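Since this is a predicted model, take the numbers as computed values, not measurements. Sequential numbering from 1 along the given sequence is applied to the chain's residues. When reading the values below, keep in mind they use all heavy atoms of this one structure, side chains included, and skip hydrogens, waters and symmetry mates.
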Amino acid sequence: EILRKPFRLPCEVVLPNRICKTATSEHLAHPITGEPLKAMVELYRAWAEGGSGLIITGNVMVDEHLEGPGNVICRSTTPSAIWREW
């Protein structure tokens, strides 16, 4: 029952419950551009609709050489509408 109660963070944001989806490495980005794929958007949508009070995004690389293909790469040259949807 405690998991369903709201939780106030020190910054005054109130989470609707105490359920948190922690950071993971989904490998659901385009292997060349690093942009999130529609499957990534749908996965996060499912988590949001599932009732998590807090969703922490997974691995977002700032350098394409830091890990492996399939992870999201944040580049100033390739932002697109799918980033806003994600």
Check whether [X] and [Y] end up in the same hydrophobic cluster, where Ile, Leu, Val, Met, Phe, Trp and Tyr are linked by side-chain heavy atoms less than 4.5 Å apart.
{"X": "Ile73", "Y": "Ile32", "answer": "no"}
{"X": "Ile56", "Y": "Leu9", "answer": "yes"}
{"X": "Leu43", "Y": "Val41", "answer": "yes"}
{"X": "Val72", "Y": "Leu37", "answer": "no"}

* **Student check: side-chain heavy atoms of Lys5 and Asn17 closer than 4.5 Å** =>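 Not in contact.
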Can you see which heavy atom on [X] is nearest to which on [Y], and at what distance?
{"X": "Leu15", "Y": "Gly53", "answer": "CD2-O, 3.5 Å"}
{"X": "Pro6", "Y": "Val14", "answer": "CB-CG1, 4.0 Å"}
{"X": "Asn71", "Y": "Glu26", "answer": "OD1-N, 4.1 Å"}
{"X": "Val60", "Y": "Cys74", "answer": "CG1-CB, 3.9 Å"}

Distance from [X] atom [atom1] to [Y] atom [atom2], nearest 0.5 Å?
{"X": "Glu49", "Y": "Glu42", "atom1": "CD", "atom2": "CD", "value": "8.5 Å"}
{"X": "Arg18", "Y": "Leu54", "atom1": "CZ", "atom2": "CG", "value": "13.0 Å"}
{"X": "Phe7", "Y": "Ile2", "atom1": "CZ", "atom2": "CD1", "value": "9.5 Å"}
{"X": "Arg45", "Y": "Glu85", "atom1": "CZ", "atom2": "CD", "value": "5.5 Å"}
{"X": "Ile82", "Y": "Thr33", "atom1": "CD1", "atom2": "OG1", "value": "10.0 Å"}

* Asked: Heavy-atom count around Arg4 CZ within 6.0 Å, excluding the residue itself: above 12?
  ->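 Open.
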* Asked: Within the distance-only criterion (no hydrogens, no angle test), does the side chain of His27 pair as donor or acceptor with the backbone N or O of Pro69 below 3.5 angstrom?
  ->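 Indeed, once roles are kept as given, a pair shorter than 3.5 Å links the two residues.
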